[in-house]
Amino acid sequence: MLIEGVRVARSQPGLSVLLAVISLAVCLLTLGTTGQSISAERAVLARIDEGGTRTITVVDRTGSANISTAAVDRIAALSGVRWALGIGRTIDAHTVTVPNGPPVPARPVYGSSPALRSSQDAQPRGALVSPVSQQSLGLDAATGALRTSDGQTYPVVGVFEASGVVGDLGDGVVLVDPDYVGPLSSIVIEAGDPADVSNVADAARSLTAPDDASAIAVEVSEHLARARAAVQGEVGSFGRVVVVQALAVGLLLSSATVYAGVTARRRDFGRRRALGATRPQLVALVLVQITIPAAIGASLGSLAGAAVVRWQTGGWPGWQFPLAIAVLTVGAAVLAAIVPACVAAFRDPVAVLRVP
């Protein structure tokens, strides 16, 4: 049946080309509008996410919770967590060589975060200075040693940059100590997906295991999460309308085209019926004949549409959406061919083959 369908499609090049062009146009139109919107949506959501829509912060409000670094390890092991970073209480630090010099805020940290980038891949015990704190301390390079207000001395082992939700660390010094066990003043957590924020927040509260549970506050960016959901809903609604409209137009055009092609070949279908072909076989033949050019056109249209989106926005829309549009377009073409195929299959072969 497939081979015969290919032969029939080749015997009607005009019909096949027209169906391919319709499918190509539907995919190109849909991706050129909705695909661009999706790329723009991703850019907007990325900017919103930078503000912390996936961020959960566990805070010791009174200083009596006594949060240990073990809580960071437990939270980081959750399946919905990308990273977790424990931040200790702020203390003063100054250079050993200038003990009466201007102090800078120093904070112990435990864990890891891509928002906290360090010049040291392997971090031994020591202090990391930011460009701001390096200037405040009067250091020409990231060398020397710092003494903190609790009497500890840390060698300066590198520099760091902080951004995003931990950007506040950038005005001071970060203290790294593998043996540090706490207490922590806060734990900053980033969930893998905005939908996981609520579950991760609940789990983080229980895994913190504080001495004083009433001192713990779990903070999430609810206003940013609502803004994210609003952007997704608005763009999603627009995309669905465009897809439905484009597929409806393609279905109508394909139906009219197939009906015209079936009518032109009514004597051929009559001969096939007279020679013993069943009605289901004729319906399947028409559907195979339509599917082949529609699939070719949809494939080319999806590739062209993705290229247009790339040219307009500088980013690819991903492979899932173009593939989905191609499948829906081919499905619409096949659906449009069902009625004409049934008309061809149920015609009386004697009436069709009668010579006037």
Side-chain angles (χ1 to χ4, degrees), residues 38 41-90 107-118 123 160 162-170 174-237 318 320:
I38 288 176
E41 176 197 20
R42 288 178 178 174
V44 172
L45 292 180
R47 294 295 299 274
I48 294 176
D49 286 342
E50 289 177 2
T53 56
R54 296 178 296 178
T55 303
I56 304 106
T57 306
V58 180
V59 181
D60 181 359
R61 296 179 300 177
T62 64
S64 60
N66 195 25
I67 304 173
S68 70
T69 54
V72 178
D73 293 329
R74 290 192 294 267
I75 293 171
L78 294 173
S79 60
V81 173
R82 289 185 61 190
W83 55 263
L85 182 70
I87 302 174
R89 297 169 183 171
T90 302
R107 304 173 183 89
V109 298
Y110 183 86
S112 62
S113 166
L116 185 65
R117 298 177 297 278
S118 167
Q123 296 182 355
F160 77 95
S163 61
V165 294
V166 296
D168 292 343
L169 297 176
V174 164
L175 304 177
V176 179
D177 186 352
D179 298 325
Y180 180 71
V181 295
L184 301 174
S185 61
S186 64
I187 302 176
V188 182
I189 310 158
E190 183 172 294
D193 189 274
D196 296 331
V197 168
S198 178
N199 292 334
V200 171
D202 293 339
R205 181 184 293 275
S206 61
L207 291 176
T208 300
D211 290 348
D212 181 5
S214 64
I216 291 295
V218 179
E219 302 173 354
V220 296
S221 301
E222 294 183 1
H223 62 289
L224 289 177
R226 287 194 295 267
R228 194 182 200 280
V231 170
Q232 280 186 311
E234 191 67 26
V235 176
S237 245
Q320 297 95 334

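The residues of the chain are indexed from 1 along the displayed sequence.
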Identify the heavy atoms of [X] and [Y] that sit nearest to each other, and give their distance.
X: Phe160; Y: Leu169; result: CZ-O, 3.3 Å
X: Arg61; Y: Ala217; result: CD-CB, 3.5 Å
X: Thr90; Y: Arg107; result: OG1-NE, 3.4 Å
X: Thr62; Y: Ser64; result: OG1-OG, 2.7 Å
X: Gly88; Y: Tyr180; result: CA-OH, 3.9 Å

| To the nearest 0.5 Å, how far apart are CD1 in Ile189 and OG1 in Thr57? |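 The OG1 atom of Thr57 is 7.5 Å from CD1 of Ile189, to the nearest 0.5 Å.
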
| Between CG on residue Asn66 and OG1 on residue Thr208, distance to nearest 0.5 Å |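 Interatomic distance, Asn66 CG to Thr208 OG1, rounded to 0.5 Å: 12.0 Å.
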
| said: Around atom CG of Asp168, are there more than 12 heavy atoms from other residues, nucleotides or ligands closer than 6.0 Å? | reply: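 Atom CG in Asp168 is not crowded, with 12 or fewer foreign heavy atoms closer than 6.0 Å.
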
| Can you list the steps and then say if Leu184 with Asp60 is a side-chain contact (heavy atoms from CB on, under 4.5 Å)? | CA-CA 8 Å; Leu184 301 174; Asp60 181 359; over 6 Å; no

| message | The criterion is salt bridge (charged side-chain N to carboxylate O under 4.0 Å, His left out); which residues satisfy it with Arg205, sequence neighbours excluded? | response |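 Listed in chain order: nothing, the list is empty.
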
Which atom pairs, donor and acceptor, lie under 3.5 Å between side-chain atoms of residues 70-87 and protein residues at least two apart or in another chain?
| residue | atom | partner | partner atom | Å |
| --- | --- | --- | --- | --- |
| Asp73 | OD1 | Tyr110 | OH | 3.4 |
| Asp73 | OD2 | Tyr110 | OH | 3.0 |
| Arg74 | NE | Leu207 | O | 3.0 |
| Arg74 | NH2 | Leu207 | O | 2.9 |
| Arg82 | NH1 | Glu190 | OE2 | 2.7 |

